[in-house]
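Note on naming: letters A, B, ... go to the chains in the order of the sequence lines (proteins, then strands), and numbering restarts at 1 for each one.
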Amino acid sequence: MAAMTRGWLVKSEPGAYSYDDLERDGRTMWDGVRNYQARNFMRDEMRVGEPVLFYHSNVGEPAVVGVARVASEAYADPTQFDPDDPHFDPKSRPDTPRWTLVDLEPLARLARPVTLAELRDDPTLEGLLLTRRGNRLSVMPVEPEHLRRVIELGGLDPEAL
DNA sequence: GCCAACGTTGGC
DNA sequence: GCCAACGTTGGC
């Protein structure tokens, strides 16, 4: 991957959707995001092909476990229109959808997970949004140098991706 | 299960 | 526009 490639990080509870699930599915809609800042990143800034760190949250050892890639432009999240879906939004209308998503595809599983503790401790990763106090975003941008560093810590060669 | 931090909602 | 109440996130 090019030196100045910008990236992203998404959080997922592996019990709900894990990197294994993404590999099994081959591609998925990153649905259910109901935070405006996270939505805006997907809607306005994500570009097809950009790498996405896949982070497992709310588990014994929270960690980045793999790298996905953005696989589509943004489009309306269909779950907002489904009354039976937990992410149903009665205030959203099909002609003016409130929530958008992108598709993700698996790119590479890390050789070893990079734990939250490692992310916090690595001086190179100072300023990473994920570890900023109080941050609760489920979709966030990652600086090029941080992206490369996490991939290296995960035992992969960023050049090879 | 606890709780700190933060976003959203809605009354005023 | 303020702000209290409430819900959610997510580490621990």
Side-chain angles (χ1 to χ4, degrees), chain A residues 6-25 28-46 50-70 74-143 145-147 149-155:
Chain A
R6 169 267 299 269
W8 301 93
L9 183 146
V10 297
K11 295 180 190 171
S12 187
E13 301 192 12
Y17 198 84
S18 67
Y19 192 75
D20 283 342
D21 294 326
L22 182 61
E23 286 197 329
R24 179 201 63 211
D25 294 343
T28 197
M29 295 188 293
W30 203 246
D31 60 19
V33 173
R34 295 293 181 268
N35 170 282
Y36 287 104
Q37 233 184 315
R39 176 205 67 180
N40 292 348
F41 286 135
M42 290 197 287
R43 188 190 62 189
D44 305 332
E45 297 195 43
M46 278 190 172
E50 287 179 337
V52 182
L53 300 174
F54 199 102
Y55 176 83
H56 282 173
S57 66
N58 223 353
V59 279
E61 186 84 279
V64 176
V65 297
V67 187
R69 67 185 284 280
V70 178
Y75 60 100
D77 180 344
T79 64
Q80 70 196 302
F81 306 124
D82 178 358
D84 297 325
D85 192 282
H87 299 292
F88 176 60
D89 183 348
K91 292 186 218 159
S92 185
R93 301 169 39 78
D95 52 339
T96 55
R98 177 178 301 202
W99 305 109
T100 52
L101 56 69
V102 297
D103 289 353
L104 295 183
E105 287 173 351
L107 186 59
R109 177 187 299 273
L110 295 182
R112 50 192 162 74
V114 182
T115 66
L116 178 58
E118 288 178 87
L119 295 171
R120 284 215 174 97
D121 289 347
D122 191 302
T124 311
L125 294 176
E126 175 139 17
L128 191 70
L129 273 180
L130 177 76
T131 48
R132 201 167 286 179
R133 188 177 145 277
N135 172 52
R136 279 175 27 199
L137 278 175
S138 62
V139 177
M140 68 194 87
V142 178
E143 299 296 318
E145 61 271 27
H146 292 161
L147 176 70
R149 182 61 178 155
V150 173
I151 291 169
E152 283 169 9
L153 288 172

Classify the side-chain pair A:Tyr17/A:Asp25 by whether it contains a donor and acceptor separated by less than 3.5 Å.
-> yes
Looking just at side-chain N and O atoms, do A:Asp21 and A:Ser18 make a donor-acceptor pair shorter than 3.5 Å?
->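 Distance-only check passes for A:Asp21 and A:Ser18.
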What residues in residues 123-138 of chain A put a non-hydrogen atom under 4.0 Å from any atom of DNA chain C?
->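 Only A:Arg136, A:Leu137 qualify.
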Could you tell me how far apart [X] ([atom1]) and [N] ([atom2]) are, to the nearest whole angstrom?
| X | N | atom1 | atom2 | result |
| --- | --- | --- | --- | --- |
| A:Met140 | C:dG10 | CE | C1' | 11 Å |
| A:Gln37 | C:dT8 | CD | C1' | 15 Å |
| A:Arg34 | B:dT8 | CZ | C1' | 15 Å |
| A:Lys11 | B:dA5 | NZ | P | 15 Å |
| A:Glu13 | C:dG10 | CD | P | 7 Å |
| A:Asn40 | B:dG7 | CG | P | 13 Å |

A:Tyr55 side chain N/O closer than 4.0 Å to the phosphate oxygens (OP1, OP2) of C:dG11?
->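 The answer is yes; a side-chain N or O of A:Tyr55 sits under 4.0 Å from OP1 or OP2.
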Quick one: label A:Arg120 by what it contacts on the DNA or RNA (base, sugar-phosphate, nothing), any heavy atom closer than 4.0 Å.
->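 It contacts sugar-phosphate atoms only.
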Candidate nucleotides B:dG7, C:dC12, B:dT9, ranked by approach to the side chain of A:Asn58 - the nearest =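 That would be C:dC12.
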Nucleotide nearest A:Leu116 when distance is taken to its side chain, options C:dG10, C:dC12, B:dG10 |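 Taking heavy atoms from C-beta onward, the closest nucleotide is C:dC12.
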Enumerate the residue pairs fulfilling salt bridge (Lys or Arg N to Asp or Glu O under 4.0 Å) with a member in residues 99-111 of chain A, sequence neighbours excluded, ordered by first and then second residue.
->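 Applying salt bridge (Lys or Arg N to Asp or Glu O under 4.0 Å) to every pair that reaches into residues 99-111 of chain A, excluding sequence neighbours, yields A:Asp20-A:Arg109, A:Glu23-A:Arg109, A:Arg27-A:Asp103, A:Arg27-A:Glu105, A:Arg69-A:Glu105.
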Please check if the distance between the ring centroids of A:Phe54 and A:Trp30 is under 6.0 Å.
->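 For A:Phe54 and A:Trp30, the ring centres are under 6.0 Å apart.
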Determine the minimum heavy-atom distance between A:Met46 and A:Val102, stating which atoms define it.
->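 Smallest heavy-atom distance, with atoms named: SD-CG2, 3.6 Å.
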Residues two or more places apart in sequence or in another chain: which of them pass salt bridge (charged side-chain N to carboxylate O under 4.0 Å, His left out) with A:Arg112?
->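 Partners of A:Arg112 by the salt bridge (charged side-chain N to carboxylate O under 4.0 Å, His left out) criterion come out as none, since no residue qualifies.
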